[in-house]
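What follows is a single structure, written as C-alpha cells, with notes after it.
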Amino acid sequence: MTTRKIIHVDMDAFYASVEQRDRPELRGRPVVVGGPPTSRSVVAAASYEARRYGVRSAMSSAEAKRRCPELVFVRPDFSRYVAVSGQLREIFRSVTELIEPLALDEAYLDVTHNKLAEPLAGKIARDLKLRIKKELHLTASAGVGPNKLVAKLASDHQKPDGLVIVPPDQVDAFLLPMPVEKLWGVGPATQKRLHDLGVHTVAELRLLPESTLLERLGNFGPFLRRLAFGDDPRSVEPHRVAKSHGAERTFEHDLRSVSEMDGVIDRLAERVAGEVAEGGRPGRTVTLKVRYADFTTLTRSRSLPSPTADATRISKVAQGLLRATEAPHRPVRLLGVSMSGLLGEEEALQLELPLDV
Amino acid sequence: MELTIRVAELVRALQRVQGIVEKKTTMPILANALIKAKGKDQITVSATDLEIGMTADYEAKIAKTGAMTVAAKTLYDIVRALPEDTVTLKQGTNQWVDIACGKIKYRVVGMAAESFPTLPAFEEVPSFGIEPKIFREMIDKTLYAVSTDETRYNLTGVFCEAVKERAGLRMVATDGHRLSVIERPTETPSMKEGVIIPRKGLVELKKLLEDGSEPGKLGFVENSAVFTKGGVTLTMRLVDGRFPDYQQVIPASSSRRVRVAKHALTDALKRTSLLSPDKAQGVRLDLSTNLLSLSANNPDLGEAREELEVEYAGDPLKIGFNFRYLLDVLAVLTEDTVELELTDELSPGVIRGAGSEGYRAVIMPMRI
C-alpha cells in the first residue's frame, strides 16, 4: 500500500470568527456564540479573545460570564455558518473529491491523488489556508500526515492559523510525547483508566501489553494500541451521511440523583441539537441511553409528532424517558442522548410559527 | 347503600363519565364512578382522572343511604343492556355490588368510596354565561390546533382570555405549526388573566354543550375552570404554564389574497393529497392570476395535479402546506367562500371565512 497523504483542516473558532468577520463591532472583543448566561445554554464557540479568560466551548454560558464579565453573547445563526461551510467545501473540491466533513468547520481531505497533480501535501495545505484567508476572510489550521489520526493531531498542534506537517518518518517523534487523551476515542473515562495504570503519554501507552489493554478497555484496547503506534486504518469517507446524531458521557463517579442526571441530559441535548442544526435535517426520534453501575445498558426511545432541532424539546423528551428507567434507584455510569429519524434530503420541512414557546 | 333507579337515568349518568374515567391508570379507583346517596330521592354520580372531574345529581329511590364506587365502563355496559325500566344496586360485604333487574342478577367488584379522590368543591365561583351554540363553535374552531406533544405542555390546551374592548371571550390554540384564534360576544368574562383549559376538559365540555339546550356558565377559581350546565358540574384543572405571545405571529396584512369556494378547495385537496408523501403530508399550491394549481408528489407512488378557478390578482406564488392543516380549518369554517391571505412562501398564511370577522386560522407553510 502506498503511503497516504491526508490533510485535516479545522477552522479557527469558526462560529465566533464568522460573527466577528460580519460584525466589525465584535472584532477584538471576547465573543461567544451561544444562549445568554441567564439561560441554561452552553457556549457553542468562543473567540480567541474569550479563550484568554478561560472560556471554552461546551462550558455553560453562566460560567463563561463569570470568567469574563465583559463577554459578548451572540445567538447562533446556523444558516449563515452553513453557507460559509458550503464556500469552504467548494475550495476543498478544487483539490479533491475525497472530502470527509466532520462538522461545518472541519474536514479530512485525502490528497494522495489530487486534481492539481501536486505531490507535496504540505504545499496543498498551505495554498488551501491562503485561499480561505483571501476568499473567506477567515483563518484555518491545517495538519498533514499519513493518516487521519496524525493529520488531526497536527492541525490541533499550533492553533490558530497553524500549519503542521508530519512526514511518515517523523510520526513517532510527533506522537510519543502526546498525552493519551489526544488519541481518537479516548474520553474522560478511558483517560482515567489509563491514568490509573500509570499511563499518561503515547510513549507509555506503547509499553502496555495488548492483553492488559484488552482486559481494561475491551475491544477498543487493541485498536487504541494501533493508534498509539501511528497506525490508523480509517479511510477518508466522502459520502458518509449521518443517520443520527448523538452525544454521551461516562462519569468518573456514578450519578445517584435525578437532578444531576437531568443536568447532564440538558447539556447532552444541547450538543445533539447543535449537531442536528449543523446537519440541517431535524429529527423525529429521541433516544436515551443509560448504563448502570453494573454495566447493564438500555436504551429508550420516543418519537415526536414533528421533527425538531430544538435542544429544550430534545432534553424534555430524554428526561421523560429517564423517568421510565430504574435510575436513580440504580446508580448510573453513562448517559447518552441521540436523535434519529432525520428528515430526508428530499423531504419537505414543516416550518415553525415564530412563537416564543 | 341501596338504591333503585330508572335504567335510562343511570345510563345517562354513566355515559357522561365515560370520557373522564381513566382506562390505563396506575390508580385503579380512577376507573370507577362514585355513586353517593343524596337525601331520599337523589344520587350524585362523579368521576375524575385528577385533572378533570364531573359530578351531577340524578333521580333515584334511596332505600339505604351511603356511597359506593364501581368500574364505570363495566357498569355502563351492563346497565345499557338491561331490558327492564328500573334497576336496583345494593352494596354487599367487601365492596361487592349486587345489581338486580327482574330475573337478571350481577355481582360486580367495587372499591371503598372513602378511597375515591375528593373532587375540588368550590362554594362561590364567579362565572359568566355563554350561549351553548357559540361556545361549541369556539371549541370546534380551536380544539383541532391544540398540541398533542407533551414536550410542549403549555400548548396542550386552549388559551382563554377576556376580550378587552367589549364583552366577549377569546380562545386561542396552537401546536407550533398552526394557530387558531376566535373571539365571540359573551357576558363579561369573570377573569383577570388568560388561562389554559386542557384539551381533554374541552372535549368533555363540548359533549355537555351538545347534551340539552340549557344555558351554561363558565367560571375560574384557584387553578381550575368550572363549567355548569343543567345540574352537571365539570371541573378542569388549568394547564400550569405560560401561553406564548400569539399576537406577534398573526400577520397584520398580507400582499396576496385569494378567494375560493370552500367545497371545491376541500375536494381538490382531498384528491391531490392521495399522492402526497406519507410522513410530511405536503401539497404544493401554485398561484397565478385567477388560478390555483394544487400538486403533490410521492416518490414511491407518483404525482397528482389539479387546477382550480379562484379570485386572485396578486403576483404568482409557489407555496407548500401540510394538507391536513388546511383540511382541518376548512372543516370548521361555516362560510361557503373562504379567503386565503399569503405573504410569501416562508411566512405564515391566514385562512378565514369570506366576510366573517372574529375567526382566523394561521398556518405555517412547508419548505418544499
Side-chain angles (χ1 to χ4, degrees), chain A residues 39-40 77-79 82 262 265-266 269-270 272-273 276-277 279-288 300-324 337 339-357, chain B residues 145-156 159 172-181 241-251 276-284 296-300 319-325 344-350 361-368:
Chain A
S39 69
R40 295 183 67 180
D77 176 0
F78 284 102
S79 58
V82 169
D262 280 350
I265 289 174
D266 273 337
E270 288 265 0
V272 173
V276 173
R281 294 156 59 217
R284 286 193 176 85
T285 306
V286 177
T287 301
L288 175 76
R300 293 280 177 270
S301 299
R302 227 198 93 191
S303 291
L304 294 166
S306 60
T308 189
D310 179 71
T312 315
R313 290 184 72 198
I314 297 171
S315 177
K316 274 191 192 163
V317 175
Q319 288 168 352
L321 291 168
L322 181 70
R323 297 329 183 248
V337 174
M339 173 121 248
S340 56
L342 304 180
L343 195 76
E345 214 134 327
E346 299 286 301
E347 225 178 308
L349 174 66
Q350 173 64 51
L351 302 173
E352 300 269 332
L353 281 167
L355 282 169
D356 189 16
V357 281
Chain B
V146 172
S147 174
T148 52
D149 183 352
E150 295 142 50
T151 65
R152 297 179 143 185
Y153 185 60
N154 57 333
L155 305 184
T156 57
F159 180 70
V172 192
T174 180
D175 63 3
H177 297 153
R178 52 192 168 155
L179 180 140
S180 140
V181 52
R242 190 190 61 87
F243 199 77
D245 178 11
Y246 61 90
Q247 297 283 7
Q248 55 164 5
V249 301
I250 303 175
S276 89
D278 302 333
K279 268 190 252 165
Q281 307 193 319
V283 290
R284 224 173 91 151
N297 176 3
N298 181 324
D300 300 326
I319 187 168
F321 281 110
N322 181 324
F323 71 85
R324 186 62 42 218
Y325 294 172
D344 58 45
E345 73 277 12
L346 297 178
S347 303
V350 176
V362 181
I363 305 182
M364 207 59 193
M366 297 187 89
R367 200 176 62 202
I368 291 194

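Chain letters run A, B, ... following the sequence lines, proteins first and then strands; every chain starts at 1.
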**Report entry** Selection from B:Phe321, B:Tyr325, B:Tyr153, B:Tyr246 maximising heavy-atom pairs under 4.5 Å formed with chain A
**Finding:** B:Tyr325
Report summary line: Closest non-hydrogen atoms of A:Leu355 and B:Gly176, given as atom of the first, atom of the second and distance, are CD1-CA, 4.4 Å
Report summary line: Between B:Asp149 and A:Arg302, the two heavy atoms sitting closest are OD1-NH2, 4.1 Å
Query - Part of B:Leu179 lying under 4.5 Å from any heavy atom of chain A - result: both
Requested in this report: Evaluate salt bridge (charged side-chain N to carboxylate O under 4.0 Å, His left out) for A:Glu352 paired with B:Arg152, printing each intermediate quantity in order.
Outcome: CA-CA 13 Å; A:Glu352 300 269 332; B:Arg152 297 179 143 185; 3.0 Å; yes
Query raised in the report: Are any non-hydrogen side-chain atoms of B:His177 and A:Leu353 less than 4.5 angstrom apart?
Result: no
Requested in this report: Counting only heavy atoms closer than 4.5 Å, note whether A:Leu304 contacts chain B via side chain, backbone, both or neither.
Outcome: side chain
Report task. Among the options A:Val317, A:Thr308, A:Leu349, pick out the one with the most heavy-atom pairs lying under 4.5 Å from chain B. Result -> A:Leu349
Query raised in the report: Non-hydrogen atoms of chain A under 4.5 Å away: do they reach the side chain of B:Pro277, the backbone, both or neither?
Result: neither
Query raised in the report: With only heavy atoms counted, which part of B:Asn322 is less than 4.5 Å from chain A, the side chain, the backbone, both or neither?
Result: both
Query raised in the report: Shortest non-hydrogen contact from B:Met364 to A:Gln350?
Result: O-NE2, 2.8 Å
